[in-house]
Amino acid sequence: MPSADSPLTSAELPMLGADQINPSVPAIVRVALDVPLDRYFDYRNPGIHITVGQRVVVPFAGRQLVGIVMEFAEHSEIAPDKLKALIQAFDDVPLDAASLHLIKFCATYYHTPIGQAVLPALPVRLRQIKPAVSRKMWVYQLVQPVPAAQLPPRQKVLTRLLALLQQQAQCSEAQLAACSSGWRKALLPLVASGHISREAVVAMRPSLPASDVAPTLNNEQADAVQAIVAQLATFKPWLLFGVTGSGKTEVYIRLLQAVLSQPQAQVLVMVPEINLTPQLEGRFRQRLSQFSLVTLHSHLSEGERLQHWQAAQSGAAQIVIGTRLSIFTPMPHLKLIIIDEEHDGSYKQQEGMRYHARDVAMVRAKQLHIPIVLGSATPSLESWYRTQANPTVHAEQKQPYQLLRLTERAVTAAQLPKIHCIDTVQMPPEAGLTPWLKQAIAQRLAQGEQSLLFINRRGYAPVLHCAACQWLADCRRCSAKMVLHLKQRLLRCHHCGDEQAIPLQCPSCGNPDLRPVGQATQRIEETLQLLYPTARIARVDRDTIQAEDALTQVLSAVHAGEIDILVGTQMLAKGHDFPNLTLVGVLDVDGALYSPDYRASERLFAQLMQVAGRAGRGEKPGEVLIQTAFPQHALFAALQTHDYEAYAQQLLTERIQMQFPPASHVAVVKAEATSYALVEQFLTELTDAARQSVAQQARPQARSPIVYDPVRPSVARLNRMERGYVMMQSQHRGTLQALLRLAVMWARQHPLQAKLRWVIDVDAIDM
Ligand code: ADP
Ligand code: ZN
Ligand code: ZN
């Protein structure tokens, strides 16, 4: 039950409505349910003491559903004899006012039914009809070294576990389970004998204080820390723009130290991808050992997620590291939000409520009057635009982002890599590799250094082709080609996941000689094996990295010098630090240079900057070789001089000219059905209705939204559904939002709506 001393007082949150606190027993309880109707549902209170934010069970359409109490009322529009009573209220901690406030904002902004915004923000356990009691969380600690003589024979598992326990002061069950599935059986005898201690905790603070060696900050780092620390008590967006290896993480660590040294403080640190959490968690546990920390991401079991979420909600966890879903975690003492790799598209949710976690974080920081730090080597154009104090393009912007630069690599000896383009017109590749690149790899092998080949396509080859009749293997369900996966002996669609056997002969003309066309990770790996038979090669893509710790294992093998050549997709591009890696080869990027998607070059630049940043992280200089037919492209020129700013400025100028985001705001209505005729009719009528309403505005002028004609996305058919979308664009967020409200009302009443699926994607980044 919440009490009057709830940490969030209304004084701290002046924007909250009066509906938040109501100590009396109210007659009507208005509940949000996870159903596609944008309204609260009224229930009679049978006399239970209830608070806003509480979890309740209610009858709904013959079922029982879990809901969240949103507000109270004296009367309902529903006749008293029709009004059902709520069944039960759980006494776990209710959602706090600040969290509800944030979610309500999001439901409105993203045009999502309120219940479909609130309930998915909770851990699964809290969406189930049962009390949310989390199992105890145990941590294990080595208290007494185990003499080798005391170890049973065949102790491989135990040795691994003991090594882990030696590295980390405390290990969670999840960490031990990641190390070995047989951990419980192996360790329990040592718990019984007292060599290992076991205790129950709320949030973990395991680490070795011994490894707490803090480098002296360089001037730029020190300036950045000082600037932010000087303004901790106010809403302020900071953009920490630092090249890869410039010590952004070190800046985060100092900020956490400063913030958490205050009484009652919590920090939320967001990472775009689950694969980046172990690394950051490891560094934080070493350097911030005095503070309790939990992680929140989809690799946790439901039980762990509930525990970690509750540790954040109670304030017990001072640091929360999480992926985008963690943005809604209640944190009563939240004092700072850090968004690492803020440019990353993974922050955008692509189903349900299509929120952008970075943007939601910005709103949350503003509501709580706390600073927010966005970190990146290649900031999103959205954030970059907002650092520029140009009043003519920023009529709407109230709070410009403060730019902080880290221009050099933090480790003095580490140089930024030299970047060259290999002109594939002049020097055509054989089996994907040019002679220049092959020679560079051979040289690294001879020197005992590591190479990384980046190709952003998994599988063996993107296309299977019949040279006799030009047949290509298409997906049965999508307008897309099947990708050949030779290792798994099948064709797989990367859009819908459908699989087919590899045909023995051309289904169209019977020709038995079907050829793979193009390159992908498996094929490059095979070529490398043939070229360098003694080299130790590892492939990293979504096919090889499925288990939770598979990536960690490959990465530690790279660190241990057990791998000579890494082949991989963008999974490898981010965040990882390989001191002995001196060569990065980039294959097959030309498609993105002239893509119809206006964001493709921004994304490619960020990706290449990032993957180039993997080279030369140690004392040996790094080299990046890019195979391209367009070596003169401006993107490569900027990349070679490591000049993000120049390229960003150029892209921004284009965007402003074209009135694309961030110079305008866009939203997309997407629709799909089994026949395109339905989609087209729905979208055409929507377009007409929207245009009419724009024309009827009191002052149709330059600021009016533009409604584009319906078009089909590049994957026009997906999983047997024919797709289309309408884009709406406006220079003014408010007018766009007003138009979207009308569009939603229109669509919800449209007779076709039962025959198709439609959704609104505000600030869409993918069509
Ligand atoms: P980024 O997050 O910007 O990629 P990191 O914080 O990971 O950079 O720093 C890169 C490397 O430089 C790390 O090994 C880190 O320990 C080291 N480092 C960071 N700051 C300093 C410093 N001031 N002096 C020496 N080494 C540093
Ligand atoms: Zn054929
Ligand atoms: Zn498909």
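Predicted model only: the values in this text are computed from it and were never measured. Values below: every heavy atom of this structure, side chains too, minus hydrogens, waters and symmetry copies. Whatever order the structure lists ligands and atoms in, that order sets their numbers, starting from 1.
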Asks: Hey, are Asp761 and Lys348 close enough for a salt bridge, meaning a charged N less than 4.0 Å from a carboxylate O?
Replies: yes

Asks: Specify the protein heavy atom at minimum distance from atom 14 (O) of ligand 1: its residue, its atom name, and the distance to 0.1 Å.
Replies: Asp577 OD2, 3.9 Å

Asks: Has Gly245 got any heavy atom lying under 4.0 angstrom from an atom of ligand 1?
Replies: yes

Asks: For atom CG of Asp513, decide whether the heavy atoms of other residues, nucleotides or ligands shown that lie under 6.0 angstrom number more than 12.
Replies: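 It does: Asp513 CG has more than 12 such atoms within range.
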
Asks: Determine, for Glu281 against Arg285, whether the closest basic-nitrogen to carboxylate-oxygen distance falls under 4.0 angstrom.
Replies: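 Yes, charged N to carboxylate O under 4.0 Å.
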
Asks: Taking side-chain hydrogen bond (donor to acceptor under 3.5 Å, both in side chains) as the test, write out the residues that go with Asp223, two or more places apart.
Replies: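 Asp223 satisfies side-chain hydrogen bond (donor to acceptor under 3.5 Å, both in side chains) with no residue once adjacent residues are dropped.
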
Asks: If the condition is ring pair (Phe, Tyr, Trp, His ring centres under 6.0 Å), which residues does Phe636 pass it with, not counting sequence neighbours?
Replies: none

Asks: Taking the basic N atoms (NZ, or NE/NH1/NH2) and the acidic carboxylate oxygens, is any pair closer than 4.0 Å for Asp498 and Arg720?
Replies: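 Salt bridge: no.
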
Asks: Does ligand 1 have any atom sitting under 4.0 Å from a heavy atom of Arg409?
Replies: no

Asks: So for atom NZ, which belongs to Lys755, do other residues, nucleotides or ligands contribute more than 12 heavy atoms lying within a distance under 6.0 Å?
Replies: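 Open.
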
Asks: Using a cut-off of 2.8 Å, find all protein N, O or S atoms closer to the Zn ion (ligand 3) than that distance.
Replies: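 Result, waters dropped: Cys475 SG, Cys478 SG, Cys493 SG, Cys496 SG.
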
Asks: Give me the nearest non-hydrogen protein atom to atom 2 (O) of ligand 1 as residue plus atom name, then the distance to 0.1 Å.
Replies: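 Result for atom 2 (O) of ligand 1: Thr249 OG1, 2.6 Å.
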
Asks: Can you tell me how far apart CG (Leu293) and CG (Leu288) are? Round to the nearest 0.5 Å.
Replies: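 It is 8.0 Å, given to the nearest 0.5 Å.
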
Asks: I'd like to check whether Pro215 has a polar contact with ligand 1, where a contact means an N/O of the residue lying under 3.5 Å from an N/O of the ligand.
Replies: no

Asks: With atoms numbered from 1 as shown, which atoms in ligand 1 lie under 4.0 angstrom from a non-hydrogen atom of Glu250?
Replies: 6 (O), 19 (C), 20 (N)

Asks: Quick check with a 6.0 Å cut-off and a 45 degree axis cone: is Arg614 positioned over the face of Phe578's six-membered ring?
Replies: no

Asks: Enter the distance from Leu625:CG to Phe454:CZ here, rounded to the nearest 0.5 Å.
Replies: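 So the CG of Leu625 and the CZ of Phe454 are separated by 15.0 Å.
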
Asks: Give me the ring orientation class for Phe241 and Tyr644: parallel if the planes are under 30° apart, tilted from 30 to 60°, perpendicular past 60°.
Replies: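 Because their plane-to-plane angle lies in the 30° to 60° range, the rings of Phe241 and Tyr644 count as tilted.
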
Asks: Side chains of Glu722 and Ser675: is there a donor and an acceptor less than 3.5 Å apart?
Replies: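 The answer is no; no qualifying pair exists.
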
Asks: For atom 3 (O) of ligand 1, grab the closest protein heavy atom and report residue, atom and distance to one decimal in Å.
Replies: Lys248 N, 2.8 Å

Asks: Tell me: protein heavy atom nearest atom 20 (N) of ligand 1, and distance?
Replies: Gln221 NE2, 3.0 Å

Asks: Pull up every protein N/O/S atom sitting under 2.8 Å from the Zn ion (ligand 2), skipping waters.
Replies: Cys466 SG, Cys469 SG, Cys506 SG, Cys509 SG

Asks: Starting from atom 27 (C) of ligand 1, find the nearest protein heavy-atom neighbour and note its residue, name and distance.
Replies: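 Nearest neighbour among protein heavy atoms for atom 27 (C) of ligand 1, to 0.1 Å: Ala410 CB, 3.6 Å.
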
Asks: Looking at Arg405 and Glu645, does any basic side-chain N land under 4.0 Å from a carboxylate oxygen?
Replies: yes

Asks: Starting from atom 8 (O) of ligand 1, locate the nearest protein heavy atom and write down its residue, its atom name and how far away it is, to 0.1 Å.
Replies: Gly247 N, 2.9 Å

Asks: To the nearest 0.5 Å, what is the distance between CD (Gln649) and CG (Leu381)?
Replies: 9.5 Å

Asks: How far is atom 12 (O) of ligand 1 from its nearest protein heavy atom, and which residue and atom is that?
Replies: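 Of every protein heavy atom, Val411 CG2, 3.3 Å lies nearest to atom 12 (O) of ligand 1.
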
Asks: Does a donor on one side chain and an acceptor on the other come within less than 3.5 Å for His465 and Gln470?
Replies: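 Judged by distance alone, the side chains do pair up.
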
Asks: Are Arg476 and Glu499 ion-paired here, with the side-chain N under 4.0 Å from a carboxylate O?
Replies: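 Salt bridge between Arg476 and Glu499, a charged N being under 4.0 Å from a carboxylate O: no.
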
Asks: At a non-hydrogen distance cut-off of under 4.0 Å, which region of Asn218 contacts ligand 1 (side chain, backbone, both, or neither)?
Replies: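 Backbone only; the side chain of Asn218 stays clear of ligand 1.
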
Asks: So, Glu623 and Arg444, do they make that salt bridge, N to O below 4.0 Å?
Replies: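 Looking at Arg444 together with Glu623, the answer is yes, because their closest N to O distance falls below 4.0 Å.
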
Asks: With nothing but distance in play, are any N or O atoms of Thr244 less than 3.5 Å from an N or O of ligand 1?
Replies: no

Asks: Could you list which atoms of ligand 1 come closer than 4.0 Å to a heavy atom of Arg283?
Replies: 5 (P), 6 (O), 7 (O), 15 (C), 16 (O)

Asks: Between Thr216 and ligand 1, which part of the residue brings a heavy atom under 4.0 Å of the ligand: side chain, backbone, both or neither?
Replies: backbone

